Amino acid sequence: MSRHPKPPAREVSRDSSQVHEVEKPAALIARALAKDYGDGPALHPLDLRVEEHERVALIGHNGSGKTTFLRMATGLLEPASGSVTVFGEAPGSMEARRRLSYLADTPTFYEDLSVWEHLGYTARLHGRADWEQRAADLLGQLGIYERADDLPTRFSRGLKQKAAIAMAFIRPFDLMLVDEPFVGLDAEGKEALLELFDEASSAGASLVVATHELGFVTTTQRTVALRDGALIFDGPSSQAKARGLVAVEGTAETES
Amino acid sequence: MPLGADKMVSLNPHVPKVPTVPVVIDARAALSLASTPNVVWADVRWYLDGRDARAAHEAGRIPGSVFVDVDRDLARPANSPSDGRHPFPSPAAFAKHMSRLGIGDDTHVIAYDDTGGMTASRLVVMLRMIGREASLLDGGIDAWSDASGRSLESGPVRATKHSSFTPVEWPTNRFATTDDVREVIAGGTTSLLLDARAPERFTGAAGVSAADPRTGHIPTARNAPWAAVIEDGALRPVAALHVHYGRLGVDGADDVIAYCGSGVSACLNLVAMEHAGHEPARLFVASWSGWAADEENPVETGEATPLTSPFVPTITATGLSAVRALRRARQKNRLAELEWFEALYRVYLAAFVFGGGVLFISGLVPDEPVSATVARDVGTFGPGWLGLALVLAIAMGLRSGSRGGPLALEDADVRHVLLAPVRRERVLLRPAVQKVRSIIFSTAAAGAVAGQLAGRRLPGTSMGWAWSGVVWGGTAGATFVAMALIAHGLRMRGWMASGLGGVLITWQFWSALPDARFSGPTDLHGGVALWGERIRAIEIVPTIVAALLVLVGLGLLSRQSLEALARRSTLVTQLRFAVTLQDLRTVTLLRRQLSHERNRPRPWFRVPAGRSLPPEWRRGWQGLLRFPVSRILRIIMLAVIAGLCLVAVHNGTTAAIVGSGVVMFILGLEIAEPLAQEIDHGDRTDAYPHQRGPLYLRLLAPSTSMLLPTAGIVVLTMWLTDDSSLAVAAIVALPAALGGLAGACINIVSGAPDQINSNSQQNMMPPEVAGTASLIKGLWPIVVSTVGSLPMLMAREASDNGQGAPAAATRVAIAVVLLVALVGGWVRFRDDIKNWFANAAAESRGQKRTGAST
């Protein structure tokens, strides 16, 4: 253990006592949220509050706990201790599932469904019957309209990511958690995704995006940085950049 | 984008020229044209709901614009109802109206309204059809206000100076007549009909009204509501429009016919399509008002013809019903793909080999009916021992449930369905019931085989024994799944599950011992297995309880852990794939991951440093020394079971030799881990400056030495259960273990990628041959492993014939060792042999070629 450098002293700009104030509806509240996979802590107790309509960039090295945090907020992982709520509801509860859209780091598809069928299925699962127009628009925007009738399991990494993006956006949501969405995307794809994020923001949704993509970080007000499972920065994105966190933590080339 | 406008010229000599201005113009560009003298702004506002457009024009208009009255200037009164409400005026009348409005032959008309183009498009379409310059102002009057920053002009309609507008015949190729449409419906032409009305009028849901004397739409038409191309009062971006019309099938159609209620709003579709770069479409001017007026024209109501591929049914449900609809559709697709003949053939082949083969081989050495004393003992002690199956099922079920079992969903189901706002217990019900069914089926089948084998030696009919085996096995299977579901639902901890299971097993085991004075918890269940001999009604109780427990387990489905389901789903997808390939090695590996079994981060003890040890040996030991406790316990348990099987063979149950073979094979797979790791990472091995064969062989050395303690456990087990077999046990244990390891090696090594890709060859073979080949490939290692246990059988035969059992066993054991050595040689020289064959084949081909050329 001593081989690993100690994380620097925490520099949390937000007063953590603020979190325990009277309940206001917030998109995401984590209270002393921690996770342990059995070989050391993956996420140290984390306090975080994401307001409605807020847009947050989540940065950190590989293994810094970003994915662990996001998966706990979706309910795909159970916290070892502490709690997390989505609009005041437990993750994985019906209400939370209705309002939260999760775009995972690894796209997952059915082997026997086309992109179009995936979109229809996802939309209908979320109670959206008038999905076709939206689906066509999303695919057009992402530049994969021509591939609508192909099986996404046979796609390249970048195309798969585009299909997964369309699936995350076809359904209604109030909070979107996104894990490394720019990986493998070409320039057009990145551009389209940034546009989609902007549309979601202007529609009032909250966004938490784990990414090193400067193009996104610069559009956010707030940046949260994790290192080795601990929060090391939570404040204005401009300040994060000034401190070199974005440049040091986020060298997009090293992400794979 | 090709607009096909030039084609139009060549087709119709009446059209003198093609419009040069864009069909849609944005406000900024329009403003820059405002100073040009020949531009006329045309206000084409018109309201379906009866509001006065002229009043709106007088209240506020783009300065200098003229008022165009849709009913008067752009249409004529209908001669008959089938003309529709807005038939085109005669060319002369149209020219007169245009002249009056100050629109001449060279005028560029910028038409606008306040709906985003729903009515102004009619003027644009009419003018452009005859080659005049006209554009739709994108965003209409509001866009002009925003772009110019100026205020609107008000006041009575202005009088304008007349211009000269030469009448031009309407070009027939830009229209569709009622007869044209009838031909489309009849299937005579492959035209696409687009209906611009709102969805509820299209489907007929809006009901009969003044606008719609009959409800519905023209058969085969698709709904392209005019409002769908407008967003925030303006046309949607070109890319979105292109996608929109592409989705409606415009790209694939030879010809597109647009219609709406009365030939007005359809014009917006025409304009938007041209704007998006599609070929110019035809207008069915009579539209619905004309079509529906003729009672003879057919009408269709409801949704449009589905647009998705005809192979997958369109799913119209939402939420939970979407899940059900999708499952049905997928099942249908899957079954359609299945080659029934081939599937049946495989089932037949497997049944023949496994069922028939086992019975045939066990029949070679006849089973002896047991003596009366033994039969009585079975009746006395049987329930206790056979009841162990149920406590084991309970213990295993609890354990599986505490680790997140027993369900295994598709990865995509976890991600997409379980994270959707759909009730989880309803989604999980089907996989859970399927799990219950498949486990009960397999355990009942196993019970049937066991009962059948027992019936050969015990009094009673074979059939009776087989049926009691079915009930016995099925009950145990059902209990297993039920306990797993319950333990998972109650989130039972691992230690609790192990503790509870351990207590039950100990209790039952203790009660089964000969001098026990108390009965075990599952004696009743054990009694069921003896129904072949006698039937006691009370013994049905465990079966009923098992059924109830299954219901309880299904009731707890809503409490399943999403984390566990997510973790298992990825692994289980791979596991299923491995099972279909009959690759037992992969199955073992994945099972290990499923049960969360990880290597120890620190070895039990360090391999002493020293130069004398070859690197492969060191690496092998380093791997073995990281085995977790659970794996070591499993190895010990497997060794004990193998010992019990060998005792059974010794006591006359010939078929138990297969059990010993299989168990030893699995044991071998566990122990041969270092070799397996190397082969799993073949690309790394290929990077070493060594031949693969010798490397593999050296990696086996630590595993082989691990066989000694294993064999020790086997001997100990045999001695404890049946002390008369000690001498033989000492001889047969090691060959049996060696056989298992050899079988495992064959399985592992033949799983390594070949230098020549054998996959394509496999695909070329007829299914009968390929099926047999893969079956043999899967079975062959187990056969070798079973051969390792043959010395025990031979020892029994010899002692039955009054000869020295140890001597007989030794003779066969030597043969087994020779066989194992052969397997070792195959591992060592496998590549060399393959290369030799490949070279020989290449050479002979080369000779043939030279022979042919001379």
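Just so it is clear, the structure is predicted and the values come from calculations on it, not from any experiment. The sequence lines fix the lettering, A, B, ..., with proteins before strands; numbering per chain opens at 1.
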Practice item. Answer yes or no: is there a side-chain heavy-atom contact under 4.5 Å between Leu226(A) and Leu46(A)? Key: yes
Point to revise | Contact check, side chains of Phe169(A) and Leu142(A), non-hydrogen atoms, under 4.5 Å | key: no
Study note, to complete from the structure: Whatever's closer than 4.5 Å to a heavy atom in chain B on Tyr110(A) counts as both
Point to revise | Main-chain N/O of Ala224(B) paired to Asn269(B) side chain as donor or acceptor, under 3.5 Å | key: yes
Practice item. Evaluate side-chain hydrogen bond (donor to acceptor under 3.5 Å, both in side chains) for Arg491(B) paired with Ser561(B), printing each intermediate quantity in order. Key: CA-CA 8 Å; Arg491(B) 303 294 171 90; Ser561(B) 148; 4.6 Å; no
Review point. So which of His118(A), Met72(A), Gln141(A), Arg97(A) has the largest heavy-atom pair count under 4.5 angstrom toward chain B?
Key: Arg97(A)
Review point. Has the side chain of Ser206(A) got a donor or acceptor atom that lies under 3.5 Å from a matching backbone atom of His53(A)?
Key: yes
**Study point:** Pick from Gly120(A), Gly92(A), Ala135(A) with the largest number of heavy-atom pairs that fall under 4.5 Å of chain B
**Key:** Gly92(A)
Check your understanding: Would you say Thr74(A) and Pro91(A) make side-chain contact, with heavy atoms under 4.5 Å?
Key -> no
Point to revise | Ala96(A) portion near chain B, given a 4.5 angstrom heavy-atom threshold | key: neither
Check your understanding: Is there a side-chain contact between Val256(B) and Tyr245(B) (heavy atoms, below 4.5 Å)?
Key -> no
**Study point:** Geometric class of the Phe202(B)/His217(B) ring pair [parallel <30°, tilted 30-60°, perpendicular >60°]
**Key:** parallel
Check your understanding: Heavy atoms under 4.5 Å from chain B: which residues of residues 98-108 of chain A carry them?
Key -> Arg98(A), Tyr102(A), Ala104(A), Thr106(A), Thr108(A)
**Study point:** Contacts of residues 76-87 of chain A with chain B (heavy atom under 4.5 Å)
**Key:** Leu76(A), Leu77(A), Glu78(A)
Point to revise | Heavy-atom donor-acceptor pair, Arg171(A) side chain to Thr122(A) backbone, under 3.5 Å | key: no
Exercise for review: Show your reasoning for whether side-chain hydrogen bond (donor to acceptor under 3.5 Å, both in side chains) applies to Ser498(B) and Arg399(B).
Suggested key: CA-CA 6 Å; Ser498(B) 309; Arg399(B) 193 108 180 90; 3.1 Å; yes
**Study point:** Donor-acceptor contact below 3.5 Å, side chain Asp195(B) vs main chain Asn223(B)
**Key:** no
Review point. So what's closer than 4.5 Å to chain A heavy atoms on Leu565(B): side chain, backbone, both or neither?
Key: neither
**Study point:** Min side-chain heavy-atom separation Gln560(B)-Leu428(B) under 4.5 Å
**Key:** yes
